[in-house]
Enquirer: 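Attaching a single structure in structure tokens format; questions to follow.
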Amino acid sequence: MNVKKCETKNFPGLRIKAARPEEMKFVMGLAEKEGWNPGIHDGECFYHADPEGFFIAELNGEPVGCVSAVSYNCLFGFVGLFIVKPEHRGKGIGSSLWSVAMARLEGQVMGLDGVLDQEPYYSKHGFHPYYRNMRFEGRGGETMPSGLLPLSDMPFEDILVYDSKAFSQLRPGFLAGWAGQEDSSAFASVKDGCLQGYGILRKCRSGYKVGPLFAEDISVAERLFLALRSTVPENESLFLDVPQPNKDAVMMANKHDMSVCFETIRMYRGKAPDIDLKKIFGVTTFELG
């Protein structure tokens with residue numbers, strides 16, 4: 001569904017419209033005020049994933065909320081950035097945004113990472129919980145391990161295919177911008193010419209986040225993690241989002257003196273994608289999956 005604008009019959013003055021590129025600043029500003037600490041280039045990178053997948057609610061011309069409904073290959077959709085300004089909550093604006101997102105992804109398997117207290121809302125709309133994600137916080141520093149390559153040295157097709165094993169879909173539009181964004185670091189682990197894992201770190205409003213961190217095993221993941229961590233100043237915060245079922249990933253975070261500061265719940269509507277959580281040592285983003 002290509003939604004350009006949606007005038008709501010039961011809410012005079014409310015309009016839901018597709019976001020323009022320059023309006024992603026508003027979307028990411030709401031995310032920052034919610035304490036989600038987005039990356040400083042997230043808006044631009046997110047938009048390239050699916051330019052028709054971001055929506056803004058305007059009330060009498062004033063932007064008051066947003067939601068994303070990003071589609072990957074018209075098969076799998078991810079809902080995120082579902083925010084209404086606090087002073088406008090409880091008026092039905094969120095319901096209107098939600099309806100547009102659901103219409104846009106109709107017929108596709110849908111996923112989301114929701115804050116825990118919103119699980120009943122998403123369950124009411126057909127989403128089922130599968131596992132929790134845990135955001136760990138630590139500090140930068142460490143020594144750069146040897147034997148890794150800059151991710152830019154790898155053929156993009158190799159990165160794309162490896163990424164799809166942990167994400168379930170090819171996402172070239174998103175990954176091309178995400179891997180090459182400014183204020184970031186990215187490394188790859190290669191054995192016998194084959195990619196064994198890769199990781200990306202980006203600067204955020206506060207500190208830095210790792211994501212994705214995909215690897216064949218904990219040994220590869222830890223070397224990539226340490227490489228990324230070494231690019232962060234010692235006094236800066238470092239964040240890593242870990243699927244709770246991946247016990248090795250949780251163990252790695254604990255080993256490096258990281259502590260849980262936030263949790264989400266991964267939910268799906270429709271058949272959950274067939275992904276190997278043992279390869280996911282760091283979720284790409286809570287907003288886009």
Side-chain angles (χ1 to χ4, degrees), residues 1-6 8 16-21 23-24 27 31 36 42-43 45-57 65-84 93-115 118-133 160-178 211-212 214 241 243 245 264-277 279-280 283-289:
M1 179 180 180
N2 183 8
V3 180
K4 295 298 182 184
K5 348 178 138 169
C6 176
T8 58
I16 311 295
K17 68 173 189 177
R20 300 188 300 271
E23 291 175 313
M24 292 301 291
V27 174
W36 297 353
D42 279 7
C45 292
F46 287 177
Y47 194 81
H48 287 310
D50 182 359
E52 296 182 349
F54 299 86
F55 304 94
I56 291 176
C66 60
V67 71
S68 61
V70 171
S71 178
Y72 297 96
N73 305 314
C74 297
L75 298 171
F76 175 61
F78 207 84
V79 182
L81 296 166
F82 184 31
I83 312 168
V84 175
I93 296 172
S95 296
S96 297
L97 282 164
W98 182 262
S99 294
V100 168
M102 293 298 99
R104 211 256 160 169
L105 298 177
E106 184 177 4
Q108 301 181 39
V109 173
M110 302 181 207
L112 59 81
D113 279 316
V115 294
Q118 287 297 306
E119 180 182 348
Y121 180 88
Y122 300 131
S123 294
K124 183 176 67 175
H125 291 280
F127 284 78
H128 300 282
Y130 279 79
Y131 56 87
R132 289 192 180 191
N133 287 308
L160 191 62
V161 171
Y162 189 87
D163 178 82
S164 69
K165 296 176 182 177
F167 184 72
S168 84
Q169 298 290 327
L170 295 170
R171 44 179 180 175
F174 169 74
L175 202 56
W178 194 253
F214 298 158
D241 299 332
T264 67
I265 186 158
R266 174 62 62 91
M267 305 181 74
Y268 291 108
R269 178 172 166 177
K271 187 179 185 297
D274 183 18
I275 57 176
D276 187 355
L277 287 175
K279 286 183 169 60
I280 303 177
V283 177
T284 307
T285 78
F286 286 157
E287 293 83 8
L288 266 65

Enquirer: Go through the steps to decide whether Val67 and Val100 satisfy the test side-chain contact (heavy atoms from CB on, under 4.5 Å), and finish with yes or no.
Expert: CA-CA 9 Å; Val67 71; Val100 168; 5.6 Å; no

Enquirer: State, yes or no, whether a side-chain contact exists between Ser123 and Met267 at a heavy-atom distance under 4.5 Å.
Expert: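 In short, these two side chains touch, coming nearer than 4.5 Å.
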
Enquirer: Is there side-chain contact between Pro243 and Arg266, with at least one heavy-atom pair below 4.5 Å?
Expert: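 Answer no - side chains too far apart.
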
Enquirer: What I'd like to find out is whether the side chain of Tyr122 reaches to under 4.5 Å of the side chain of Ile265, using heavy atoms alone.
Expert: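 No, side chains not in contact.
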
Enquirer: Hey, does the side chain of Asp163 reach the backbone of Arg171 with a donor-acceptor pair shorter than 3.5 angstrom?
Expert: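 Judged by distance alone, no pair lies under 3.5 Å.
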
Enquirer: Hey, are the side chains of Glu287 and Ser68 touching, using non-hydrogen atoms and a 4.5 Å cut-off?
Expert: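 No - every pair of side-chain heavy atoms lies 4.5 Å or more apart.
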
Enquirer: Answer yes or no: is there a donor N or O on one side and an acceptor on the other, between the side chain of Asp50 and the main chain of Ser71, under 3.5 Å?
Expert: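 A pair under 3.5 Å: yes.
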
Enquirer: Surrounding NE2 of His128 (heavy atoms of other residues, nucleotides or ligands, distance under 6.0 Å), is the total greater than 12?
Expert: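 Check fails, neighbour count at 12 or below.
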
Enquirer: What is the distance from atom CD1 of Ile93 to atom CD1 of Ile16, rounded to the nearest 0.5 Å?
Expert: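 Reported value, rounded in 0.5 Å steps: 8.0 Å.
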
Enquirer: Do Met24 and Asp42 come close enough that some side-chain heavy atom pair is under 4.5 Å?
Expert: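 Counting from C-beta outward, Met24 and Asp42 never come under 4.5 Å.
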
Enquirer: Got Val27 and Phe46 here, is their nearest side-chain heavy-atom distance under 4.5 Å?
Expert: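 The answer is no, as the side chains (C-beta and beyond) never meet within the 4.5 Å cut-off.
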
Enquirer: Are the side chains of Phe82 and Tyr121 in touch, meaning some heavy atoms are under 4.5 Å apart?
Expert: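 The answer is yes; the side chains approach within 4.5 Å.
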
Enquirer: Applying side-chain contact (heavy atoms from CB on, under 4.5 Å), run through Thr285 and Trp178 and close with a yes or a no.
Expert: CA-CA 11 Å; Thr285 78; Trp178 194 253; 3.6 Å; yes

Enquirer: Can any side-chain N or O of Gln118 pair as donor or acceptor with the backbone N or O of Val115 at less than 3.5 Å?
Expert: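 Not at all, since once roles are kept as given, no pair shorter than 3.5 Å links the two residues.
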
Enquirer: Can you say whether the rings of Tyr47 and Phe54 are parallel (under 30°), tilted (30 to 60°) or perpendicular (over 60°)?
Expert: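 Ring orientation, 0 to 90° scale: parallel.
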
Enquirer: Could you tell me how the ring of Tyr72 sits relative to the ring of Phe76: parallel (under 30°), tilted (30 to 60°) or perpendicular (over 60°)?
Expert: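 Parallel.
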
Enquirer: Hey, what do you get for OG1 (Thr264) to CG (Asp241), rounding to the nearest 0.5 Å?
Expert: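 Reported to 0.5 Å precision, the distance equals 7.5 Å.
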
Enquirer: Determine whether the aromatic ring centres of Tyr268 and Tyr130 lie less than 6.0 Å apart.
Expert: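 Yes, the ring centres sit under 6.0 Å apart.
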
Enquirer: Taking the six-membered ring for Trp and the single ring otherwise, decide whether the centroids of Trp98 and Phe127 are under 6.0 Å apart.
Expert: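 Ring centres of Phe127 and Trp98 closer than 6.0 Å.
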
Enquirer: Can you measure from CG (Leu277) to OH (Tyr131) and round to the nearest 0.5 angstrom?
Expert: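 With rounding to 0.5 Å, CG (Leu277) is 5.0 Å from OH (Tyr131).
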
